[in-house]
Peer 1: 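First the structure, which I've put down as structure tokens, then a few questions once you've had a look.
Since the model is a prediction, treat every value here as computed from it, not as a measurement. This chain uses plain numbering: 1 for the first residue, then up along the sequence.
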Amino acid sequence: MDHCLEGKRLVVIGGTTGLGFSAARAFVAEGARIVIIGRNSENAKRAEKELGKKAVALAGDATKPATAVKAVQRAVNKWGGLDGLYHVAGGSGRKMGDGPLHEFSDDGWRATLDLNLTSLMFSNRAAVRQFLAQGSSGAILNMGSVLGWSPSPRFFATHAYAAAKAAIIGFTKSIAAYYATNNIRCNVLAPALVETPMAKRAAQDESILQLMKSKQPLDGGRIGQPADLDGAAVYFMSDASKFTTGQVLAVDGGWCVSEGQYE
């Protein structure tokens with residue numbers, strides 16, 4: 001699939017670090033022109049410099065409805081339109097009050113849903129409105145998590161986060177069905193534990209790393225790396241997936257089919 005994204009105009013929400021930035025780099029390598037957005041302005045500047053002339057990076061808060069609209073409009077103004085959206089922005093609500101149900105706060109619930117689910121609705125709405133205005137096909141890829149349906153209670157007991165990631169599946173399938181006749185494809189990419197800034201706590205926990213040897217047994221049993229998801233993200237943004245919608249792909253190192261043992 002050499003240069004399988006040639007000519008594609010893509011927006012990546014949460015594209016300046018971690019999984020989003022790794023995908024953005026892969027998109028550019030495959031010929032796409034992109035707009036990426038992230039919360040931190042310094043990360044945005046660094047990402048734009050590294051990605052080169054086919055990328056524009058903006059700083060903004062994905063939980064604000066105007067942020068995705070700005071990113072889509074920038075793609076239209078800079079590249080002439082929009083062909084795809086990859087929504088990666090989100091993260092653990094642990095520091096905001098998420099956790100086991102009997103412990104988490106009302107504010108933690110709301111903040112975690114805003115960060116992971118409401119932000120995604122904003123970006124998907126902005127993209128769909130642009131596809132409809134263009135009268136064109138389009139691709140949306142949403143970041144889920146295996147925790148949306150395959151819990152790991154000992155180490156990953158953040159119930160609001162799990163609820164948000166499960167909701168992303170229902171939301172994506174629903175809009176995939178509604179907009180299929182417009183040739184707008186909507187899919188979910190669901191990783192397990194991947195080494196990103198969000199996963200710093202888990203990636204430094206020896207007990208969790210021990211668990212990963214059997215819970216994510218592929219490739220020797222390890223924590224995932226952002227690049228492990230790049231191929232799937234490229235597929236969903238490319239015409240190779242033109243007959244695929246409403247699907248959930250777990251890129252999880254075997255998480256969902258492994259019992260997982262820890263000492």
Peer 1: With a 3.5 Å distance limit and no angle check, can you tell me whether Gln247 reaches the backbone of Thr245 through a side-chain donor-acceptor pair?
Peer 2: yes
Peer 1: Does any donor atom in the side chain of Glu206 or Gln210 lie under 3.5 Å from an acceptor atom in the other side chain?
Peer 2: no
Peer 1: Do Thr196 and Pro226 have side-chain heavy atoms sitting under 4.5 Å apart?
Peer 2: yes
Peer 1: Answer yes if Ile175 and Leu132 sit in the same cluster of Ile, Leu, Val, Met, Phe, Trp and Tyr residues linked by side chain heavy atoms under 4.5 Å apart, and no otherwise.
Peer 2: yes
Peer 1: Starting from the C-alpha separation in whole Å, work towards a yes-or-no answer on side chain to side chain contact (heavy atoms under 4.5 Å, CB included) for Leu58 and Ile36.
Peer 2: CA-CA 6 Å; Leu58 306 172; Ile36 60 176; over 6 Å; no
Peer 1: Do the side-chain N and O atoms of Arg185 and Thr244 include a donor-acceptor pair separated by under 3.5 angstrom?
Peer 2: no
Peer 1: Give, for atom CG of Leu10 and atom CH2 of Trp79, the distance between the pair rounded to the nearest 0.5 Å.
Peer 2: 11.0 Å
Peer 1: Please give the remaining members of the hydrophobic cluster of Trp109, linking ILVMFWY side chains under 4.5 Å, ordered by chain and number.
Peer 2: Leu101, Phe104, Leu113
Peer 1: Give a yes or no on whether Leu249 and Leu218 share a hydrophobic cluster (residues Ile, Leu, Val, Met, Phe, Trp, Tyr; joining criterion: side-chain heavy atoms under 4.5 Å apart).
Peer 2: no
Peer 1: Within the distance-only criterion (no hydrogens, no angle test), does the side chain of Ser150 pair as donor or acceptor with the backbone N or O of Val146 below 3.5 angstrom?
Peer 2: no
Peer 1: Using a strict threshold of under 4.0 Å (side-chain N to carboxylate O), is an ion pair present between Arg46 and Glu42?
Peer 2: no
Peer 1: State yes or no: do Val188 and Met121 share one hydrophobic cluster built from I, L, V, M, F, W and Y residues joined by side-chain heavy-atom distances below 4.5 Å, directly or via other members?
Peer 2: yes
Peer 1: Is Lys45 salt-bridged to Glu48, cutoff N-O under 4.0 Å?
Peer 2: no
Peer 1: Keeping the roles fixed (side chain from Thr67, backbone from Asp61), state whether a donor-acceptor pair exists under 3.5 Å.
Peer 2: yes
Peer 1: Any side-chain heavy-atom pair from Ile140 and Asn187 closer than 4.5 angstrom?
Peer 2: no
Peer 1: Before you tell me yes or no, could you show the steps for Leu229 and Val194 under side chain to side chain contact (heavy atoms under 4.5 Å, CB included), namely the whole-Å CA-CA distance, both residues' side-chain angles and the distance that decides it to 0.1 Å?
Peer 2: CA-CA 9 Å; Leu229 280 79; Val194 180; 4.1 Å; yes
Peer 1: Show your working on side chain to side chain donor-acceptor pair (under 3.5 Å) between Ser105 and Asp107 and close with a plain yes or no.
Peer 2: CA-CA 5 Å; Ser105 66; Asp107 288 343; 5.7 Å; no
Peer 1: Is there a continuous path of hydrophobic side-chain contacts, each under 4.5 Å between heavy atoms, that joins Leu115 to Leu117?
Peer 2: no
Peer 1: Would you check if the side chain of Asp239 reaches a backbone N or O of Lys242 as a donor-acceptor pair within less than 3.5 Å?
Peer 2: no
Peer 1: Between Thr172 and Ile169, is there a donor-acceptor pair closer than 3.5 Å when you use the side chain of the first and the backbone of the second?
Peer 2: no
Peer 1: Is there a donor-acceptor contact under 3.5 Å from the side chain of Asp83 to the main chain of Gly138?
Peer 2: no
Peer 1: Return the CD to CE distance between Glu195 and Met212, rounded to the nearest 0.5 Å.
Peer 2: 12.5 Å
Peer 1: Can you tell me how far CZ of Arg33 sits from CD of Glu6, rounded to the nearest 0.5 angstrom?
Peer 2: 8.5 Å
Peer 1: Measuring only between side-chain heavy atoms, which start at C-beta, is Ile208 closer than 4.5 Å to Leu193?
Peer 2: yes
Peer 1: Write down the atom of Met237, the atom of Phe27, and the distance for their closest heavy-atom approach.
Peer 2: CG-CZ, 3.6 Å
Peer 1: Please test Ile223 against Gln225 for side chain to side chain contact (heavy atoms under 4.5 Å, CB included), starting from the C-alpha separation and ending with a verdict.
Peer 2: CA-CA 7 Å; Ile223 190 172; Gln225 296 299 316; 4.0 Å; yes
Peer 1: How long is the span from the NE2 atom in His159 to the NE2 atom in His102, to the nearest 0.5 Å?
Peer 2: 9.0 Å
Peer 1: In terms of side-chain geometry, is the basic nitrogen of Lys8 or Glu30 positioned less than 4.0 Å from the acidic oxygen of its partner?
Peer 2: no
Peer 1: State, to 0.1 Å, how close Ser241 and Ser238 come at their nearest heavy-atom pair, and which atoms those are.
Peer 2: OG-O, 3.0 Å
Peer 1: So, for Ala139 and Phe131, which heavy atoms are closest and what is the spacing to 0.1 Å?
Peer 2: N-CZ, 3.8 Å
Peer 1: Check whether any side-chain heavy atom of Arg110 sits under 4.5 Å from a side-chain heavy atom of Met96, and report yes or no.
Peer 2: no
Peer 1: Under 3.5 Å, is there a donor-acceptor pair between the Asn142 and Asn124 side chains?
Peer 2: yes
Peer 1: Restricting to non-hydrogen atoms, name the atom on Ser136 and the atom on Gln134 that form the minimum distance, rounded to 0.1 Å.
Peer 2: OG-NE2, 2.7 Å
Peer 1: Would you give the length of the straight line joining atom CZ of Phe155 to atom OG of Ser152, rounded to the nearest 0.5 angstrom?
Peer 2: 7.0 Å
Peer 1: Tell me if a side-chain donor or acceptor on Ser258 pairs with a main-chain N or O of Gly254 at a distance below 3.5 Å.
Peer 2: yes
Peer 1: Looking only at atom types and distance, does a side-chain atom of Gln216 sit under 3.5 Å from a main-chain N or O of Arg222, one as donor and one as acceptor?
Peer 2: yes
Peer 1: Once rounded to the nearest 0.5 Å, what's the spacing between atom CG of Leu141 and atom NE2 of His87?
Peer 2: 11.0 Å
Peer 1: Any heavy-atom pair between the side chains of Tyr86 and Val11 that's under 4.5 Å?
Peer 2: no
Peer 1: Can you get from Val35 to Val69 by hopping between Ile, Leu, Val, Met, Phe, Trp and Tyr side chains that sit under 4.5 Å apart?
Peer 2: no
Peer 1: Take Val128 and Arg125 through the side chain to side chain contact (heavy atoms under 4.5 Å, CB included) test and state the conclusion after the steps.
Peer 2: CA-CA 5 Å; Val128 165; Arg125 183 175 64 186; 6.0 Å; no
Peer 1: Under 3.5 Å, is there a donor-acceptor pair between the side chain of Lys215 and the main chain of Trp255?
Peer 2: yes
Peer 1: Are any of the side-chain heavy atoms of Leu82 and Gln130 separated by less than 4.5 Å?
Peer 2: yes
Peer 1: If you compare all heavy atoms of Ala240 against all heavy atoms of Tyr235, which two are closest, and at what distance to 0.1 Å?
Peer 2: O-CE1, 3.4 Å
Peer 1: Looking only at atom types and distance, does a side-chain atom of Asp252 sit under 3.5 Å from a main-chain N or O of Cys256, one as donor and one as acceptor?
Peer 2: yes
Peer 1: Which atom pairs, one a donor and one an acceptor, fall under 3.5 Å between side chains of residues 16-23 and the rest of the protein, sequence neighbours left out?
Peer 2:
unit_1	atom_1	unit_2	atom_2	d
Ser22	OG	Asp230	OD1	3.1
Ser22	OG	Asp230	OD2	2.8

Peer 1: Work out which heavy atom in Gly90 is nearest to a heavy atom in Asn116; give both atom names and the distance.
Peer 2: CA-OD1, 3.4 Å
